Engineer: 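Got a structure for you, questions after.
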Amino acid sequence: MNQQTVNPDQLALDTAAKRRDFRIIANLVTPGSRVLDIGCGDGGLLALLQREKQIDGRGIELSQAGVNACVARGLFVVQGDADSDLENYPDNGFDTVILSQTIQATRNPKTVLEHLLRIGERAIVSFPNFGHWHIRGSLIAFGRMPVTKSLPATWYETPNIHFCTIHDFIDLVGEVGAKTEGIAAFKADGSPLPLSRPAWLLNLIASEAMFVLRR
Amino acid sequence: MNDGPDNVALKAGEFDSEVIHFPDTQPLVLDSGGEIAPLTIAYKTYGSLNAARSNAILVCHALTGDQHVANTHPVTGKEGWWSLMVGPDKPIDTDRYFVICANVIGGCMGSTGPASIDPATGKPYGLDLPLITVRDMVRAQAMLLDALEIETLFCVTGGSMGGMQVLEWVATYPDRVFSAIPIATAARHSAQNIAFHEVGRQAVMADPEWRNGRYQTEGTNPRKGLAVARMAAHITYLSESALHRKFGRSLQDRDALTFGFDADFQIESYLRYQGMSFVDRFDANSYLYLTRAMDYFDLVADHDGVLANAFMGSKTRFCVVSFTSDWLFPTEGNRDIVHALNAAGAHVSFVEIDTDKGHDSFLLDVPELMATMSGFLSACGRARGLAEAAP
C-alpha cells in the first residue's frame with residue numbers, strides 16, 4: 001500500500017468536485033448496468049447509482065476509512081489503488097468504469113487509461129484542467145507552482161503527480177486509440193461550460209473536464 | 001437442539017459441548033478414499049435460530065482453536081478464543097445471529113480425531129485414522145448443519161485454517177452460503193508454511209514418547225515434542241515488531257545474563273510457557289493431522305489451476321480481510337482470492353488492516369477488524385432481511 005499524505009483540505013475539496021461529478025455521471029449510467037468506481041471514497045457515488053439506477057456496483061479505494069464506510073453501507077469495495085490493482089480485473093467485466101478526479105494522482109496515467117478501456121465498455125474520466133487561466137496566470141505572474149482554490153496543496157504535498165490540460169488529455173486519448181463519446185467542461189464554481197466554445201478557449205476557462213471514452 | 005433426525009443421538013458431551021453421533025449408516029467419505037464411521041462432532045452454539053432458520057453463522061476455528069468460541073474454556077478456564085468478536089453487542093452479535101462452531105474432524109475436543117476410539121480395534125485410532133483434508137472438515141460441518149436442519153448459512157467466517165474452511169465452503173456448497181468472511185488465509189498453503197509445519201511435525205515425531213503415534217495405548221505423551229512444535233509455530237503467528245515491542249531483549253526475573261541455557265530472556269520464558277500450556281489442551285497426533293490438512297489445501301489445483309473457477313457463478317457476498325504485518329498468510333495471498341473473486345464476477349470487498357500484531361491479529365482487539373466485521377454483517381443482514389437486534 002503506498003499511503004500518501006494528503007492535505008485534509010484537499011480531500012474535502014476533492015470530495016466537493018466529486019460530488020459535482022456525481023449528478024452528471026448518474027445521468028450517463030444505464031440502469032442495471034455493471035459499474036466500477038475507482039477511488040470511490042466513502043461510496044457516495046456507488047450508493048447513489050445503486051439507489052437511482054439499481055446498478056451492480058464495485059469500488060476500489062485506498063483509504064481504510066473509505067473502505068470501512070463502504071463496507072458498512074453494503075457496498076463491495078476492494079482496498080487498493082488504480083496503479084496496482086486494475087491489471088487483475090478481467091476484460092469487459094464492466095459496462096462503465098469511473099475514474100473521478102484521480103487520474104492526475106496515478107503513477108502511470110496512460111496504463112491506467114488503457115486498463116479502464118480494457119475492463120469497461122466505457123470509461124468516464126474527470127480531472128482538474130491544468131490549462132486553466134488561473135493556473136497559467138499564477139505561474140507567469142509569480143513564477144511558482146500555483147496553489148489555487150481547486151488545487152490547494154503545495155507542490156511537495158500534493159498527491160497529484162501527473163497534471164494535464166484538456167489538450168494533453170485529448171492527445172493521450174488519441175494515443176491509446178480511444179474514441180471520445182462526450183466531453184463536459186466546468187467552471188471553477190462547478191457550472192457547466194457550453195461545448196460550442198472552441199477547444200482552446202475551453203482549455204483556458206474550464207477548471208475541470210470530464211470525458212466519456214470508448215475503446 | 002432436540003430436533004435432529006431419529007438416527008442421530010444428541011447429548012451433552014464430556015467436552016462441555018453438544019455432541020452429535022452419526023451412525024455407521026452415515027459415514028463421512030474422505031478425500032483420501034477412506035471413510036469415518038461412526039462419526040462424532042462436538043459443537044457449541046450461541047444465540048438462537050430464528051423461525052426462518054436464516055440467521056445462522058458458522059464460525060470455523062483455526063489449527064489450534066476449538067469450538068469454545070465465546071464461553072469459558074473447559075480445560076484452560078480462559079475466555080473463548082473469539083470472545084472479543086462473538087457475543088451480545090459484539091460484531092458477531094449473538095442477540096441477532098445464531099452462531100455455531102464445531103470442533104474440526106481430526107481435532108481433539110470431542111469430534112472424531114486420532115485420539116478417538118477406533119471401533120475396529122477398541123483402541124485409539126492414532127495414525128490409523130485416515131488423513132483428513134479441509135474439504136473433509138467442511139463436509140462434516142455440512143452433515144452437522146443437515147442434522148440441525150439449517151439449509152443456508154447467513155455467514156461462514158474464520159481466520160487462518162478457519163479461512164481455508166470458509167473458502168472450501170463456498171467452493172463445495174455455493175448455494176448454502178449467503179455471505180463469507182475469510183480472514184488472514186490463502187487459497188493454497190505456501191511452501192514456507194508447509195516447511196514450518198514439517199518442523200513442528202518432526203519435533204513431535206522426534207519425541208521418544210510419541211511411539212509412532214501409539215502413545216495413548218503405551219501410556220506415554222510426547223509433551224516435549226509438541227511443546228517445541230508450538231513454540232516454533234507461535235513465532236510465526238506474531239511479527240518482529242510486535243515481539244520487539246512486547247519483549248525486546250528484556251530479561252526474565254533477573255538483572256544479568258546467567259551465562260547458561262536457562263530462560264534468561266522474557267521471550268524465551270514466554271515461548272516455553274506457550275509450549276507447555278498448549279500440551280495440556282492439545283493432542284500431538286491431532287497436531288500432525290491438522291497441519292497436514294492445511295498443507296494439502298490447494299483450492300487452485302482443485303480447480304484446474306484457475307482459482308476463479310472455484311467461485312464461478314457464486315452469489316455469495318464476500319469480505320476478505322488481511323493484516324499488513326501477517327507474514328504467515330500475507331496480504332498477497334488474500335489479494336489472490338480477491339482477484340479470483342473479481343474475475344468470477346463475485347460480490348467482494350477487501351480490507352487490508354494496518355496493524356503490527358502479525359497473523360494473530362484476527363484473534364486480538366483490532367478495532368478496524370471489529371468495525372469491518374460488524375459493518376459487513378449488518379449490511380448483509382439488511383440484504384438478507386434479518387431483523388435488527390432489539391435495542
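Reminder, nothing fancy here: chain letters follow the sequence lines and each chain counts from 1. What you are looking at is a predicted structure, and each value in this text was computed from that prediction instead of being measured.
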Engineer: Could you give the distance from CG (B:N342) to CZ (A:F76), rounded to the nearest 0.5 Å?
Structural biologist: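 The CG atom of B:N342 sits 11.5 Å away from the CZ atom of A:F76.
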Engineer: Below 4.5 Å from any heavy atom of chain A, which atoms of B:A344 appear? Answer side chain, backbone, both or neither.
Structural biologist: neither
Engineer: Given the options A:G74, A:A65, A:P90, which has more heavy-atom pairs under 4.5 Å with chain B than any of the others?
Structural biologist: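 Most heavy-atom pairs within the cutoff with chain B belong to A:P90.
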Engineer: For B:A383, is it the side chain, the backbone, both or neither that has a heavy atom under 4.5 Å from a heavy atom of chain A?
Structural biologist: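 Neither part; nothing is under 4.5 Å.
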Engineer: Locate the shortest heavy-atom distance separating A:V67 from B:F350; write the atom from each residue and the value.
Structural biologist: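 Shortest heavy-atom separation between A:V67 and B:F350 comes out as CG1-O, 3.7 Å.
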Engineer: In terms of heavy-atom proximity below 4.5 Å to chain A, should B:T372 be classed as side chain, backbone, both, or neither?
Structural biologist: both
Engineer: Taking C-beta and beyond as the side chain, do B:R335 and A:D85 meet within less than 4.5 Å on heavy atoms?
Structural biologist: yes
Engineer: Which region of B:R317, side chain (C-beta onward) or backbone (N, CA, C, O), has a non-hydrogen atom less than 4.5 Å from a non-hydrogen atom of chain A, or is it both or neither?
Structural biologist: both
Engineer: Which answer fits B:V351, side chain, backbone, both or neither, if we ask what part of it has an atom under 4.5 Å from a heavy atom of chain A?
Structural biologist: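 Both backbone and side chain.
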Engineer: Tell me, do B:H347 and A:R58 make a side-chain contact under 4.5 Å, heavy atoms counted?
Structural biologist: yes
Engineer: Tell me the closest heavy-atom pair linking B:S349 and A:L75, and the distance in Å.
Structural biologist: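 Closest pair (atom of B:S349, atom of A:L75, distance): OG-O, 3.2 Å.
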Engineer: Under a 4.5 Å heavy-atom cutoff, which of B:L377, B:V320, B:I353 has the most pairs with chain A?
Structural biologist: B:I353
Engineer: Could you pull out the closest heavy-atom pair between A:Q79 and B:E352, with the gap in Å?
Structural biologist: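 Nearest pair, atom of A:Q79 first, then B:E352: OE1-N, 2.6 Å.
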